[in-house]
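Below is one structure, written out as structure tokens; comments come after it.
Read the numbers this way: they start at 1 and go in the same order the structure lists the ligands and their atoms.
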Amino acid sequence: MALLSVQDLVVRFHRRGSSKGGLRLPFGKDRDGASVLAVNRASFELEAGEVLGLVGESGSGKTTVTRCILGILAPSSGQIRFQGQEIQSRPGLHGGRIQSVFQDPMTSLNPRMSILEIVEEPLRIHRLGNAPARRRKVEQLLQSVALPADFLDRRPAELSTGQRQRVAIARALATDPCLLIADEPTSSLDASLRVYILESLQALQQQQGFAMILVTHDLPVARCYCKRIAVMLRGEIVEIGSAQEIFEAPRHDYTRQLVALVGSHAKEKRKKDAPSGL
Ligand SMILES: Nc1ncnc2c1ncn2[C@@H]1O[C@H](COP(=O)(O)OP(=O)(O)OP(=O)(O)O)[C@@H](O)[C@H]1O
Ligand SMILES: [Mg+2]
């Protein structure tokens, strides 16, 4: 049995004040601009311990899919099963077994809380351990993301962006999740930090064995860190396959365009980097 199974997921947002109310329009039809079909019959499965890349242009529906998996958003139709049980739209329903890291650590961390309180919070929410045990766990978690223990009393504003993102990762791993959803976890970071955070996530994933959905618009990042890649276009998963299949034998036109774009960027870069006179 798959760890996660998403079947025919549909999410349609209705604009506030729309006269259509809850009325469903046929797929792809948005005649009066009153609704947006953000996810259109998306289906995929994820095995325990597997890393799946979810790629696609801005607005293609990646975050919306993950919000449904997290139980933050109720789908219009379709089914999501986690460990065989249907996910309902109530965050935290899974006892912390699904956790997430978002793009911007500044907005995802409460500025008034100390790092100890932030990382400890999921343990308190899920009533895991007493205060001394929770503190020990937080210290271990900070160590696992290479942050010194004396950061415990600091507030997010006293940390660099990269350090904040490591706090967000420590917090997400506090409840020993089976599935981590990382939604563009490095897009607010500079290039060297990006690699550092992605490699830290990969090392933690390999040590702890949780499954991961890595949302990114960067296909080379997905190739580097994910075993399988799902490609989204205008709400649909148009292609899903191993990273090798996606790069070496893309089947959908859009995937072919994405792969070609990566190739031409790489060529441009090689030309730029080549010593003059060659
Ligand atoms: N709460 C909402 N209300 C109305 N429309 C929404 C809402 N959330 C998302 N949308 C719309 O749904 C579509 C998909 O958005 P989503 O955030 O899932 O895209 P994305 O692939 O994550 O994009 P990005 O790469 O920019 O993060 C977009 O057209 C977006 O405007
Ligand atoms: Mg998004």
Side-chain angles (χ1 to χ4, degrees), residues 4 6 8-44 46 51-78 80 87 89-91 98-108 161 165 168-169 172 179-189 194 197-198 201 212-223 225-226 228-240 246 252 254-255 257-258 261-262 265:
L4 176 77
V6 176
D8 281 334
L9 185 72
V10 174
V11 180
R12 185 182 283 284
F13 291 111
H14 295 277
R15 273 229 316 255
R16 234 174 279 164
S18 146
S19 59
K20 295 278 174 199
L23 191 70
R24 276 198 198 133
L25 296 168
F27 287 126
K29 295 273 165 64
D30 192 10
R31 285 165 294 193
D32 55 0
S35 73
V36 175
L37 187 56
V39 179
N40 187 0
R41 304 198 63 185
S43 299
F44 66 92
L46 186 70
V51 181
L52 175 77
L54 194 53
V55 304
E57 63 190 6
S58 182
S60 56
K62 306 179 297 293
T63 296
T64 306
V65 168
T66 65
R67 288 176 71 209
C68 293
I69 297 170
L70 286 163
I72 301 169
L73 183 70
S76 308
S77 64
I80 302 177
I87 288 193
S89 53
R90 264 200 289 147
I98 308 180
Q99 292 287 10
S100 54
V101 178
F102 297 106
Q103 179 174 342
D104 183 357
M106 202 54 207
T107 50
S108 65
T161 319
Q165 195 57 307
I169 293 171
L179 171 59
L180 181 71
I181 295 178
D183 191 346
E184 305 270 12
T186 57
S187 45
S188 61
L189 308 176
R194 228 174 267 169
I197 292 287
L198 286 167
L201 267 177
M212 180 157 77
I213 298 179
L214 179 63
V215 176
T216 175
H217 49 249
D218 194 341
L219 199 54
V221 163
R223 172 163 63 172
Y225 297 98
C226 307
R228 276 198 311 146
I229 298 175
V231 181
M232 284 196 82
L233 174 67
R234 292 193 284 271
E236 286 181 46
I237 293 185
V238 292
E239 182 156 2
I240 184 161
I246 294 286
H252 194 277
Y254 177 64
T255 318
Q257 282 169 27
L258 284 182
L261 212 60
V262 172
H265 278 321

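- Atom 30 (C) of ligand 1 is not flagged as protein-proximal [any protein heavy atom, distance under 4.0 Å].
- Polar contact with ligand 1: absent for G56 (N/O pair, distance under 3.5 Å).
- Side chains of L201 and L180 form a contact here, defined as non-hydrogen atoms less than 4.5 Å apart.
- Enclosure of atom CZ in R234 is not indicated, since only 12 or fewer non-hydrogen atoms of other residues, nucleotides or ligands lie within 6.0 angstrom.
- Taking the side chain as every heavy atom from C-beta outward, L9 and P75 approach each other to under 4.5 Å.
- Between S58 and ligand 1, at least one N/O pair is under 3.5 Å apart.
- Neither side chain, E57 nor H217, offers a donor N or O lying under 3.5 Å from an acceptor on the other.
- Near E57, with a cut-off below 4.0 Å to any heavy atom, the atoms of ligand 1 are 21 (O).
- Closest heavy-atom approach to atom 25 (O) of ligand 1 among the candidates K62, H217, R12, R234: K62.
- With hydrogens and angles ignored, the 3.5 Å screen pairs no side-chain donor or acceptor of Q103 with any backbone N or O of E184.
- Looking at V36 next to ligand 1, no N or O pair under 3.5 Å apart turns up.
- In this structure a side-chain-to-backbone donor-acceptor pair under 3.5 Å is present from S76 to R12.
- Of all protein heavy atoms, the one closest to atom 1 (N) of ligand 1 is F13 CE2, 3.7 Å.
- Checking T63 against the Mg ion (ligand 2), an N/O/S atom falls under the 2.8 Å cut-off.
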